[in-house]
Protein chains: 2
Amino acid sequence: MTEQLLESLGQAVVAGEFDGRSFPTEADISQHYGTSRSVTREAVKMLTAKGMLAARPRSGITTQPQEQWSLLDPDVLRWMLERKFSYELLRHFTEMRLGLEPAAAALAAKNASPEALRTIELGLERMAAAERGDGDHLAADISFHVAILKATGNPFYMQLDELIATALKISIRMTNRIKGHTASIPAHRHVFDAIRAGDSARAGAAMNSILTEVMALVAAGDKNGTRRAKRARV
Amino acid sequence: MTEQLLESLGQAVVAGEFDGRSFPTEADISQHYGTSRSVTREAVKMLTAKGMLAARPRSGITTQPQEQWSLLDPDVLRWMLERKFSYELLRHFTEMRLGLEPAAAALAAKNASPEALRTIELGLERMAAAERGDGDHLAADISFHVAILKATGNPFYMQLDELIATALKISIRMTNRIKGHTASIPAHRHVFDAIRAGDSARAGAAMNSILTEVMALVAAGDKNGTRRAKRARV
DNA sequence: TTTTTGTTATTTGTATGATAAATACTATAT
DNA sequence: ATATAGTATTTATCATACAAATAACAAAAA
């Protein structure tokens, strides 16, 4: 119940349904959604923790400026991508991946355990299978990228799995749409080979080139304006 | 009140006071800390959102394995660094900075507005002043690094300000302690110059070299074992 | 007129008690 | 030994009351 309310309120905030100070009071929310005050308060509390709301006595609940939203929170990012998609957002996200994932790949080359390595390879195989029409390409691509994060052995990078997975679900759909592009198997295999060989520099460079490619696609979409984005938002 | 309880519980969890399934029930917590059940529930809810706890009927509240904690949450990271400091953690954090900050510097070189540029320069000047004994070196260093994140114009990087600031407060203190090291002004000026010149590659490389230096210090501390870390934990 | 001060009303914060829902544990029957 | 039904424990939700903070307003003073 709290979860549902959290979801509803989160989406509503992102969609901009409450501009500025017009956010309803606890009482209004409870009545509108038919929830008790406890549930309402706990949902608001969570959105406060995510930087989207702030509550003060007498003033009531107010929406926080977008700069303060915790974009690194998978919930927030998902709401943004689903209800407020823009190529600009996707570009910003890809810019961050461009910082993180090559570094992660380089680390993985140094630290990957045999099991972790095997998991990356498995992701690659799933991608190849999907290429032949056998399996979900999107899921395969995600598993490959997540496996590399896990292989770093660094808890900070490992934490990013859900975030990357969430965003890839939307962003890959977008980049595929732009040019009928599908993630390049050889480029991904190149990353895997470098990691297996323990070659940090090459692993980082290979991952960098994958993301540079993605970035080019996103930038192209950005230039085409928002009409296509709106159509794709389904 | 909720904040205080959140703080107490968060620190207690990090310190490992509740191993495994021994976490108290809502009722126990309320009694122990003298808080009402509403307050207790809201605090637990927040720790759940941070991945540190999970609550299920009949089973009660349980601590989650450390892999699931949201290390990117400034609260969690602060608790970790304050109550569970280790050079390994610091090394992992620095590994992430090594991915993020050079990329941020490169972006800043492309996007920094005149005001943002001025803010970076201000940070640099504060560092120089601190070097001459005039002002807080730690605060100056933080302001420099945060200013670069802000200058990227990318909300994802900009979000990291609190995280980086939190961690720098502890990590700089540590790295200084290792060798009486203080952050190198020329190296930082090099980054600034490259950003001002709009030279992405050089900005990234310069930032990279700063962090590589930090990494070397941390790695050295790591080798010295945990005794020094424990002393430094004050 | 402007500023200060005090009052009031609104909204969140906290406390308490009661009921519902989920589920680990136990006893029983097969 | 296994399956089934019942029981007890704990969180989840609801409802209500009161406390605390404060924005808005009014009155008084400068």
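Letters A, B, ... mirror the listed sequences (proteins, then strands); counts begin at 1. All figures in this text were calculated on a predicted structure; none of them were measured in a lab.
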According to side-chain contact (heavy atoms from CB on, under 4.5 Å), who are the partners of B:A140, at least two apart in sequence or on a separate chain? B:R126, B:M127

Report the residues that fulfil side-chain contact (heavy atoms from CB on, under 4.5 Å) with B:E67, sequence neighbours left out, ordered by chain and then residue number. B:P65

Can you measure [X] atom [atom1] to [N] atom [atom2] for me and round it to whole angstrom units?
X: A:E3; N: D:dT11; atom1: CD; atom2: P; answer: 17 Å
X: B:M1; N: C:dG13; atom1: CE; atom2: C1'; answer: 11 Å
X: B:E26; N: C:dA15; atom1: CD; atom2: P; answer: 14 Å
X: B:R58; N: C:dT26; atom1: CZ; atom2: P; answer: 8 Å

Restricting to side-chain hydrogen bond (donor to acceptor under 3.5 Å, both in side chains), what partner residues turn up for [X], sequence neighbours left out?
X: A:S113; result: A:E115
X: A:T94; result: none
X: A:D75; result: A:K50, A:R78
X: A:Q159; result: none

Residues pairing under salt bridge (charged side-chain N to carboxylate O under 4.0 Å, His left out) where one sits in residues 29-41 of chain A, two or more places apart or in two chains, turn out to be A:E26-A:R37, A:E26-A:R41, A:R41-B:E42

Mind jotting down which residue pairs meet the salt bridge (charged side-chain N to carboxylate O under 4.0 Å, His left out) criterion with at least one end in residues 97-107 of chain B? Sequence neighbours excluded, please.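 Residue pairs with at least one partner in residues 97-107 of chain B: B:R97-B:E101.
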
Neighbours of DNA chain D within residues 50-57 of chain A, by heavy-atom distance under 4.0 Å: A:R56, A:P57

Please list, by residue number, the residues of residues 29-49 of chain A whose heavy atoms come closer than 4.0 Å to an atom of DNA chain C; answer none if no residue qualifies. A:R37, A:R41

OP1 or OP2 of C:dA24 sitting under 4.0 Å from any side-chain N/O of B:S59?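 True: B:S59 side-chain N/O within range (under 4.0 Å) of C:dA24 OP1/OP2.
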
Let me check the geometry of the helix from C:dT1-D:dA30 to C:dT30-D:dA1. What is the bend angle between the axes at its two ends, five pairs each, to 10°? 10°

Would you call B:R118-B:E125 a salt bridge at under 4.0 Å N-O?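 Between B:E125 and B:R118 there is a salt bridge, with a charged N closer than 4.0 Å to a carboxylate O.
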
Suppose the criterion is ring pair (Phe, Tyr, Trp, His ring centres under 6.0 Å): which pairs have a residue in residues 40-82 of chain A, not counting sequence neighbours?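 Checked against ring pair (Phe, Tyr, Trp, His ring centres under 6.0 Å) - neighbours excluded - no pair reaches residues 40-82 of chain A.
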
For the residue pair B:H137 and B:D141, confirm or rule out a side-chain donor-acceptor distance under 3.5 Å. no

